[in-house]
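See below for the structure under consideration.
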Amino acid sequence: MAMMKMKINGYRLRALLSTSLSSSPFHSVPSRTFSSSSFEVLNVYNGPGGLLQGGDLLTPQLFIDSSTIDPQTSRKLAVSVSNCILKEKKVWIHITYVENWENPVMLDAPVSGGVVAAEAGSLTFMVGGSEDVYLAAKSLLLSMGKNTIFCGGRGNGSVAKICNNLAMAISMLGLSEALALGQSLGITASTLTKIFNSSSARCWSSDSYNPVPGVMQGVPSSRNYSGGFASKLMVIRFLCLYLYLYR
């Protein structure tokens with residue numbers, strides 16, 4: 001069942017990209033990667049049979065990495081991609097000027113919104129790289145999500161994602177502890193949630209992703225925490241990122 005769902009989503013994504021390509025400057029389907037660690041991403045690009053192991057000549061004009069990884073890895077990969085050469089030189093017109101594509105380009109574009117937003121096509125992309133490339137690729141990103149935000153140069157999308165995850169994790173921990181405390185003292189989670197969402201405690205975790213079963217529909221807590229983001233993965237991810245950044 002899971003494999004069939006992946007195939008269906010893959011076909012849907014390819015169809016969306018093909019439609020978007022008709023209004024974008026990219027003449028080949030971009031290569032998009034989505035992994036859970038810097039090691040995996042580096043292996044996909046530089047490992048045996050990796051995306052950059054075919055020599056200096058590459059077919060994709062655009063590489064988009066939506067993984068949550070450290071900014072240094074994103075920046076190193078962007079440099080590696082830009083050092084390659086396109087098999088076929090492309091020229092496209094963007095508003096008032098002509099851009100010559102002699103080298104492939106890369107954007108780091110991690111996403112926010114969780115599994116629910118991914119299924120609904122309402123993800124937010126935090127994008128780092130060249131602003132010209134971002135503008136050219138924006139229609140492709142919007143075919144997969146609802147919002148795109150340009151964050152600045154290479155790796156800045158990864159910076160934004162780390163900061164966003166940190167703030168969200170802290171708010172979720174605080175909310176969970178407050179709800180557990182209130183219930184232990186005799187107030188229902190539903191009542192506390194109403195109070196939080198109409199007062200200064202309101203946050204995304206309380207009004208869009210409530211962690212207590214029975215309070216909100218369509219979120220992991222309403223289906224025995226199936227389809228959510230594993231807290232273990234969050235802890236491992238933060239530990240690896242911080243150890244890498246501050247080693």
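Numbers here are sequence positions counted from 1.
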Do the side chains of [Y] and [X] get nearer than 4.5 Å, heavy atoms only?
{"X": "D207", "Y": "R202", "answer": "yes"}
{"X": "L175", "Y": "F196", "answer": "yes"}
{"X": "I69", "Y": "L42", "answer": "no"}
{"X": "L179", "Y": "P211", "answer": "yes"}
{"X": "P48", "Y": "N43", "answer": "yes"}
{"X": "V215", "Y": "V212", "answer": "yes"}
{"X": "L77", "Y": "R154", "answer": "no"}
{"X": "L140", "Y": "L62", "answer": "yes"}

Would you say [Y] ends up clustered with [X] if hydrophobic residues are merged whenever their side chains have heavy atoms under 4.5 Å apart, either directly or through other cluster members?
{"X": "W204", "Y": "M216", "result": "yes"}
{"X": "F39", "Y": "V44", "result": "no"}
{"X": "V133", "Y": "F150", "result": "yes"}
{"X": "V105", "Y": "L135", "result": "yes"}

Has the side chain of [X] got a donor or acceptor atom that lies under 3.5 Å from a matching backbone atom of [Y]?
{"X": "D65", "Y": "D108", "answer": "no"}
{"X": "K138", "Y": "T148", "answer": "no"}
{"X": "S158", "Y": "S74", "answer": "no"}

Let me confirm one number: the [atom1]-[atom2] distance from [X] to [Y], rounded to the nearest 0.5 Å.
{"X": "I162", "Y": "M126", "atom1": "CD1", "atom2": "CE", "result": "10.5 Å"}
{"X": "M144", "Y": "I64", "atom1": "CE", "atom2": "CD1", "result": "5.0 Å"}
{"X": "I195", "Y": "L192", "atom1": "CD1", "atom2": "CG", "result": "5.5 Å"}
{"X": "F125", "Y": "Y134", "atom1": "CZ", "atom2": "OH", "result": "11.0 Å"}
{"X": "N164", "Y": "I149", "atom1": "CG", "atom2": "CD1", "result": "9.0 Å"}
{"X": "K76", "Y": "S38", "atom1": "NZ", "atom2": "OG", "result": "9.5 Å"}

Assess, by modelled atom type and distance only, whether the side chains of [X] and [Y] contain a donor and an acceptor separated by less than 3.5 Å.
{"X": "T73", "Y": "D70", "result": "yes"}
{"X": "T124", "Y": "N147", "result": "yes"}
{"X": "T188", "Y": "T191", "result": "yes"}
{"X": "N103", "Y": "S82", "result": "no"}
{"X": "S221", "Y": "Y209", "result": "no"}
{"X": "D132", "Y": "S130", "result": "no"}

Indicate the ring-plane relationship of F63 and Y45, choosing parallel, tilted or perpendicular according to the 30° and 60° boundaries. tilted
For the residue pair [X] and [Y], what are the closest heavy atoms and their distance?
{"X": "S67", "Y": "P110", "value": "O-CB, 3.6 Å"}
{"X": "C84", "Y": "P104", "value": "O-CD, 3.3 Å"}
{"X": "C151", "Y": "N156", "value": "O-ND2, 3.1 Å"}
{"X": "C203", "Y": "S206", "value": "O-OG, 2.8 Å"}
{"X": "G113", "Y": "A117", "value": "O-CB, 3.3 Å"}
{"X": "V111", "Y": "K161", "value": "O-NZ, 2.9 Å"}

Assess whether side chain to side chain contact (heavy atoms under 4.5 Å, CB included) is satisfied between S176 and M172, documenting all intermediate values. CA-CA 6 Å; S176 298; M172 178 62 82; 4.0 Å; yes
